[in-house]
Amino acid sequence: MSDNTQFSFGAATGVGSLPGGDAREAAKTATGSFEDFPFLPELPARGPGADMIGRTAGMLVELYARVEPSGWRIGDRPGRDTKRARSWLGEDLDALEEFTQGWEGQLKVQAVGPWTLAAGLELRNGEAALSDPGACRDLAASLAEGLRLHLAEVRRRVPGAQVVLQLDEPSLTAVLRGQVRTASGYRTHRAVDRQLVGATLRDVIGVHDGGPVVVHSCAPDVPFALLRRAGAAAVSFDFSLLTERDDEAIGEAVEGGTRLFAGVVPGTDGPLSDPAGSVMGVRTLWRRLGLRPGLLAQAVTITPACGLAGASPGYARQALAHCARAARSLADNPE
């Protein structure tokens, strides 16, 4: 497992998705909003293959997926859906490369983690891959190999980048609790053993050899301790979903050197408070945990609460700029 304390992260960044379908416009926004921590945008509005599951399915090695009326299903060969997913990813990388000429510093890329992928991809019988332990193993191995190739490609295109990998795991809590529904909708798949979940995540995280991995979930009850043990250098979450039940796990994470990516800016259109107001909850949490205020800027990166695909383009730009201002407010006035 990597020593989490060796990584210092930028003060603010985006989660991943943006509205619209213009790769150049998105890359310009994602690189222009954050002077020290840009990210590779995702544009799900383009349709199947640009969505979260489809985009990552396009990265798999020796496993292919196609779109069925019920969702993405594993198939025998690469069809037009796989080709479309790969083509859009290539377009996004072209745009990113254009706007990161000479860039040196952190750059974040996102992919779906092994358990959300297993919950979101169907086998030939229509059930989630999650229903079959062998399929879960094959999927995680294919994902690991695909991520290795993707990370190498990003480093080739942006040679000065210190690449940060974000694994999106919104279904992780449901997988651990046995809350993922079967194809019929009448039952749920049985809960997956926590040790197996952690071991699989550790294997996939280990692909980013020597580089930091963030695990993101905007679902309630993020398993902070499990993610720390699996080697995540940072955990990204929707701050509004925290409860005091999470205090102990968060305190231990911070003291263990795990970075918190606090999603404090709403992901859909609405009025934005002043930047200091957006991080007031983070300061309150810090006081409640009895942590040193001086640690705040070292321990917290500010992000939107979740992806911005459902926002208007104008609001998405405002939200990213607001994250950067809120992070400055946190650094300037940690008390």
Side-chain angles (χ1 to χ4, degrees), residues 1-9 15-16 52 56 59-60 108-121 129-130 133 135-148 150-151 163-180 189-238 241-242 245-246 248-263 299-301 303:
M1 194 189 317
S2 51
D3 171 14
N4 295 345
T5 53
Q6 68 187 309
F7 304 117
S8 62
F9 290 92
V15 169
M52 190 172 83
T56 300
M59 294 181 193
L60 297 174
K108 184 165 72 68
V109 299
Q110 305 82 220
V112 174
W115 293 106
T116 295
L117 201 58
L121 269 181
L130 189 65
C136 289
R137 269 196 307 279
D138 291 348
L139 196 53
S142 172
L143 173 64
E145 192 50 42
L147 287 174
R148 192 175 283 119
H150 178 54
L151 292 165
V163 183
V164 175
L165 171 62
Q166 175 179 305
L167 295 175
D168 292 321
E169 282 283 14
S171 302
L172 186 59
T173 303
V175 167
L176 288 165
R177 292 188 172 172
Q179 292 169 341
V180 176
H189 295 290
R190 65 162 62 104
V192 181
D193 177 72
R194 291 181 82 85
Q195 282 182 308
L196 176 60
V197 168
T200 303
L201 277 166
R202 181 192 301 271
D203 289 345
V204 176
I205 285 170
V207 164
H208 193 17
D209 193 25
V213 177
V214 183
V215 179
H216 166 73
S217 170
C218 41
D221 298 320
V222 175
F224 287 93
L226 181 149
L227 296 175
R228 276 178 56 219
R229 287 195 298 274
V235 180
S236 169
F237 55 95
D238 179 344
L241 298 178
L242 288 186
R245 282 203 317 270
D246 298 304
E248 189 180 339
I250 288 177
E252 284 174 4
V254 172
E255 284 169 354
T258 305
R259 182 84 173 189
L260 305 179
F261 280 43
V300 176
T301 292
T303 71

Taking side chain as C-beta onward, heavy atoms only, is H208 less than 4.5 Å from V164? no
Can you give me the closest heavy-atom contact between A111 and L147, atom names plus distance? CB-CD2, 3.5 Å
Take W115 and L196, measure what side-chain contact (heavy atoms from CB on, under 4.5 Å) needs, and give me the verdict at the end. CA-CA 11 Å; W115 293 106; L196 176 60; 4.2 Å; yes
Please round to the nearest 0.5 Å and tell me the distance separating atom OG1 of T303 and atom CG of L260. 11.0 Å
Could you tell me if the side chain of E169 sits less than 4.5 Å from the side chain of L201, heavy atoms only? yes
Please report the closest heavy-atom contact between P220 and T173, naming both atoms and the distance. O-OG1, 3.4 Å
Is there a side-chain contact between D221 and R177 in this structure, where contact means two heavy atoms from C-beta onward sitting under 4.5 Å apart? yes
Of all heavy-atom pairs between A118 and C136, which one has the smallest distance, and what is that distance? CB-SG, 4.0 Å
Assess whether side-chain contact (heavy atoms from CB on, under 4.5 Å) is satisfied between L226 and L176, documenting all intermediate values. CA-CA 11 Å; L226 181 149; L176 288 165; 4.1 Å; yes
Sub-4.5 Å side-chain heavy-atom contact between T56 and D168: no
Passes side-chain contact (heavy atoms from CB on, under 4.5 Å), L139 versus L143? Steps please. CA-CA 6 Å; L139 196 53; L143 173 64; 5.8 Å; no
Heavy-atom closest pair (F261 atom, K108 atom, distance to 0.1 Å) is CE2-CD, 4.5 Å
What I'd like to find out is whether the side chain of R194 reaches to under 4.5 Å of the side chain of P223, using heavy atoms alone. yes
Looking only at heavy atoms, the pair that brings T116 and P170 closest together is OG1-N, 3.3 Å
Can you find a pair of side-chain heavy atoms, one from S217 and one from L172, that are under 4.5 Å apart? no
Atom of S171, atom of A119 and distance for their closest heavy-atom approach: CB-CB, 4.1 Å
Is it true that atom CD of Q179 has more than 12 heavy atoms of other residues, nucleotides or ligands lying nearer than 6.0 Å? yes
Evaluation steps, side-chain contact (heavy atoms from CB on, under 4.5 Å), between L165 and V207: CA-CA 10 Å; L165 171 62; V207 164; 5.9 Å; no
Does R137 CZ have over 12 foreign heavy atoms under 6.0 Å away? no
Once you round to the nearest 0.5 Å, how far does CG of L227 lie from NE2 of H216? 12.0 Å
Taken to the nearest 0.5 Å, the spacing of F224 CZ from D246 CG works out to 6.0 Å
